[in-house]
Amino acid sequence: MPTVRFLLPDGAERALEVPVGVSLMEAARQDGIEGIVAECGGGAICGTCHVHIQKECFDLLEPAGMAEAALLQIVPDASETSRLSCQVIMTDELADMCVRVPAEQLTV
Ligand code: FES
């Protein structure tokens, strides 16, 4: 099963096995990764699941949809590799991906 490393705001690192077809948000929530709030449960309407994706893996992702792109304009600490983790679905190509959880999420 593919593994994803989550770099947490306090400097800690957690490695999770994420099944293909499951979103990063779902995996993070199931394993209690702090900082992935996911207020809307994956609907791409809250922006509280923001993460920074390792550049090499970011380039493998489908472009963000309109709703996601709009939210990424207003999330705190946005970067050129920002994505909503609920919209990033695990694939074999993304194995060993590294994502950074921002220190702050949108307040809803
Ligand atoms: S969980 Fe709400 S936008 Fe991702």
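Ligands are counted one by one from 1 in listed order, and the atoms in each one are counted from 1 as well.
Looking only at atom types and distance, the side chain of Ser82 has a donor-acceptor partner in the side chain of His50 under 3.5 Å away.
Other residues, nucleotides and ligands contribute over 12 non-hydrogen atoms within 6.0 Å of the CD atom of Glu13.
Below the 2.8 Å limit, atom 2 (Fe) of ligand 1 has as protein N, O or S neighbours Cys40 SG, Cys46 SG.
Membership of the apolar cluster around Leu60 extends to Val4, Phe6, Leu8, Leu16, Val18, Val22, Leu24, Met25, Ile33, Ile36, Val51, Ile53, Phe58, Leu61, Val88, Met90, Leu94, Met97, Val99, Val101, as traced through chained side-chain contacts below 4.5 Å between ILVMFWY residues.
Panel note: side chain Thr48, backbone Leu106; no donor-acceptor pair is recorded below 3.5 Å. A donor-acceptor pair is defined here as one N or O able to donate and one able to accept, closer than 3.5 Å; no such pair exists between the side chain of Gln73 and the backbone of Ala70. Using a distance-only test at 3.5 Å, with no hydrogens or angles considered, a donor-acceptor pair links the side chain of His52 to the main chain of Asp77.
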